[in-house]
Amino acid sequence: MSAAASSSTIDELLGTRQVVPSILAADYARLGEQLGEVLAAGARVMHVDVMDGHFVPPITIGATIVDAIREQVHDAGGILDVHLMVEQPENHIDAFAEAGADIVSIHPEATPHAHRVLQSIREAGCRAGLVLNPSTPVDVVSEVVESLDLVLCMSVNPGYGGQSFIPASVDKLARLRQRLPAELPLEVDGGINERTIPESVSVGATLLVAGSAIFGADDPAEAFRRLQAAI
Ligand code: DX5
Ligand code: ZN
């Protein structure tokens with residue numbers, strides 16, 4: 001059974017600038033309905049925040065939810081971008097790959113063997129991402145760049161939606177962009193809104209994760225369209 005989107009769909013989406021709705025801020029009692037609204041508005045990359053209560057304090061959702069939404073997202077031509085805020089992510093890669101994840105991103109602080117885990121993400125048939133916390137030096141990407149399909153720069157400390165964008169993230173994104181191959185997608189996550197999108201894009205961010213700015217709005221579809229226009 002092929003759980004993932006086609007390689008060409010993933011390449012195409014990762015080669016463009018996208019606002020990426022984070023379902024962390026969605027109403028889980030109406031998750032399918034809310035996904036349908038943003039998919040109809042043109043959203044194609046869906047961000048799923050997985051938290052384990054250890055790497056970050058909250059516990060959120062797991063592979064069963066990815067499995068529950070994969071058909072809807074893939075049928076609409078979308079892809080699933082799974083952000084693992086969990087310790088020992090190596091124990092969970094296969095479960096998320098089987099559940100339909102197209103991209104799986106890990107934090108280097110969560111495992112002593114980030115290089116190996118990134119390779120195992122690819123071996124499981126997914127694209128591999130590395131996530132930098134605000135305190136993580138940009139140099140960490142240099143040693144594993146061959147194993148990366150994406151870099152995710154946190155512009156808040158992970159764990160909660162609705163926080164303010166850390167201003168120093170703009171300079172950090174610029175430094176990451178200089179270090180990375182030009183075609184490598186650079187994602188930014190935390191406090192993304194109409195004000196922080198233009199400054200992030202101007203220094204090279206290509207995937208802009210937005211949770212509360214979309215699902216906290218009265219009309220998520222309209223909010224998505226406004227943010228996408230800000231790109
Ligand atoms: C935070 C998560 C984010 C979160 C962003 O730990 O990684 O993806 O959903 O939420 P907003 O857009 O509200 O900052
Ligand atoms: Zn996230």
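Numbering of ligands and ligand atoms starts at 1, following listing order. As a basis for the values below, the full set of heavy atoms in this structure was taken, side chains included, without hydrogen atoms, waters or symmetry mates.
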Got an N/O contact under 3.5 Å between Leu24 and ligand 1? no
Around the Zn ion (ligand 2), number of protein N/O/S atoms which are nearer than 2.8 Å: 4
Consider every N or O of Gly162 and every N or O of ligand 1, then say whether any pair is closer than 3.5 Å. yes
Quick one, Met46 with Asp102, criterion side chain to side chain contact (heavy atoms under 4.5 Å, CB included). Give me CA distance, side-chain angles, the key distance, then yes/no. CA-CA 10 Å; Met46 297 297 163; Asp102 299 294; over 6 Å; no
Short side-chain to backbone donor-acceptor contact, Glu98 and Ala124, under 3.5 Å: no
With heavy atoms of Ser212 as the reference, note each atom of ligand 1 found under 4.0 Å away. 11 (P), 12 (O), 13 (O)
Using a 3.5 Å cut-off on N or O atoms only, is Gln163 in polar contact with ligand 1? no
Polar atom proximity, Asn157 to ligand 1 (N or O, under 3.5 Å): no
Under a plain distance cut-off of 3.5 Å, with no hydrogens placed, do Asn193 and Thr196 share a side-chain donor-acceptor pair? yes
Looking at ligand 1, does any of its N/O atoms fall within less than 3.5 Å of an N/O of Gly159? yes
Side-chain (Arg177) to main-chain (Gly204) donor-acceptor, under 3.5 angstrom: yes
Electrostatic pair Arg116:Glu90 at N-O distance under 4.0 angstrom: no
What is the minimum heavy-atom distance between Leu150 and Ser105, and which atoms define it? CD2-OG, 3.6 Å
Should the pair Arg179-Asp139 be classified as a salt bridge under the 4.0 Å nitrogen-to-oxygen rule? yes
Any nitrogen or oxygen of Gly211, side chain or backbone, less than 3.5 Å from one on ligand 1? yes
Any residue meeting ring pair (Phe, Tyr, Trp, His ring centres under 6.0 Å) with Phe165, in chain and number order, not counting sequence neighbours: none
